[in-house]
Amino acid sequence: MLRVAVMVSGGGTNLQAIIDRVADGTITNTEIAVVISNNYGVKALERAEKAGIPGICVSPKDYSDREAFNQALLDTVNSYNVDLIVLAGFLVVIPEQMIDEYENRIINIHPSLIPAFCGTGYYGLKVHEAALERGVKVVGATVHFVDKGTDTGPIILQKAVEVQQGDTPKVLQQRVMEQAEWKLLPQAIDMIANGKVCVVDGKTVIQE
Ligand code: GAR
């Protein structure tokens, strides 16, 4: 059984997709051990509570400096004995020590087709604003392993989504979530839980 920590910052619709797909058996061999938020009072923590999953807030506001916060984050994850960390809209830079300790065991969902519209400053709605500003016709989402760069780790899954005439950032964000993110992230977790993903020379190899 793959033990997963899901890390969140806000709404938690990707968390909800994972909860629902574990419940209906689409994600197999997986248990969500804990949900960790860096913000108090977010909807994602409500979703965890409703599903009977431990929900914990580790807020930088409660620590004197970044180092202390990073240590608390790592200690919290470690205390749940997890095999995989899933960043589901977690808008915090992951501490280097955590990346070292969980090499190729942290995955992230990013709302674009990496390497487009990714890296520092590209998160949430900003990604969709930038895509519309550029006038691209196809966008999408990517699930990737987390390394020390920003959105640079080995890519696991990607799915394209069409931009439509008159899209606003919010409308586009919703379509990318519905058509790509909420499917890709559960699919990636199921693949990892069943030993179908490995990393060779900085790229993933997927077993069918
Ligand atoms: C999602 O669109 C996710 O891809 C994005 O934040 C949103 C969180 O929504 N993540 C990033 O931009 C990471 N760089 P959610 O809380 O409803 O799942």
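Whatever order the structure lists ligands and atoms in, that order sets their numbers, starting from 1.
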Chemist: Among protein heavy atoms, which lies nearest atom 14 (N) of ligand 1, and at what distance?
Modeler: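 Protein heavy atom with the smallest distance to atom 14 (N) of ligand 1: His110 ND1, 3.2 Å.
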Chemist: Could you tell me whether a side-chain N or O of Thr142 sits under 3.5 Å from a main-chain N or O of Ser112, the two making a donor and an acceptor?
Modeler: yes
Chemist: One thing to verify: whether Asp190 and Arg21 come together as a salt bridge, which I'm taking to mean a side-chain N less than 4.0 angstrom from a carboxylate O.
Modeler: no
Chemist: Less than 4.5 Å apart, side chain to side chain, heavy atoms only: is that true for Met191 and Gln207?
Modeler: no
Chemist: Just so I know, are the side chains of Ile114 and Ile155 near enough to count as touching, which here means a heavy-atom distance under 4.5 Å?
Modeler: yes
Chemist: Less than 3.5 Å between some nitrogen or oxygen of Asn14 and one of ligand 1, yes or no?
Modeler: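 Right, the criterion is met.
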Chemist: Relative to the heavy atoms of Glu181, which atoms of ligand 1 are at a distance of less than 4.0 Å?
Modeler: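 Ligand 1 atoms under the 4.0 Å threshold to Glu181: 1 (C), 2 (O), 3 (C), 4 (O).
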Chemist: Going by heavy-atom distance to atom 11 (C) of ligand 1, choose the closest among Ser112, Ala180, Pro111, Gly10.
Modeler: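 That would be Pro111.
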Chemist: Quick check on contacts: which atoms of ligand 1 are under 4.0 angstrom from a heavy atom of Gly11?
Modeler: 16 (O)
Chemist: Taking 4.0 angstrom as the limit and counting only heavy atoms of Met177, give me the atoms of ligand 1 inside it, by number and element.
Modeler: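 Within the 4.0 Å cut-off of Met177, ligand 1 contributes 1 (C), 2 (O), 9 (O), 17 (O).
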Chemist: With atom 16 (O) of ligand 1 as the reference point, say which of Ser9, Ala88, Gly89, Gly12 has the nearest heavy atom.
Modeler: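 It is Gly12 whose heavy atom sits nearest to atom 16 (O) of ligand 1.
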Chemist: Donor-acceptor pair, Lys159 side chain versus Gln179 backbone, under 3.5 Å?
Modeler: yes
Chemist: If you count the non-hydrogen atoms of other residues, nucleotides and ligands that lie under 6.0 Å from CD in Glu67, is the total more than 12?
Modeler: no
Chemist: Answer yes or no for Val8: is there a heavy-atom contact with ligand 1 below 4.0 Å?
Modeler: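 Flag not set, Val8 not near ligand 1.
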Chemist: Counting non-hydrogen protein atoms only, what is the nearest one to atom 10 (N) of ligand 1? Give residue, atom name and distance.
Modeler: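 Closest protein heavy atom to atom 10 (N) of ligand 1: Ile109 O, 3.7 Å.
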Chemist: Report yes if Gln173 has an N/O atom closer than 3.5 Å to an N/O atom of ligand 1; otherwise report no.
Modeler: no
Chemist: Is the shortest heavy-atom distance from the side chain of Leu87 to the side chain of Ile107 under 4.5 Å?
Modeler: no
Chemist: Going by distance only, is there an N or O of Tyr123 that falls short of 3.5 Å from an N or O of ligand 1?
Modeler: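 It does not: no N or O of Tyr123 is found under 3.5 Å from an N or O of ligand 1.
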Chemist: Is there any N or O on Thr13 that sits under 3.5 Å from an N or O of ligand 1?
Modeler: yes
Chemist: Report yes or no: does Gly124 have a heavy atom closer than 4.0 Å to ligand 1?
Modeler: yes
Chemist: Can you tell me if Asn194 uses its side chain to pair, donor with acceptor, with the backbone of Lys196 under 3.5 Å?
Modeler: no
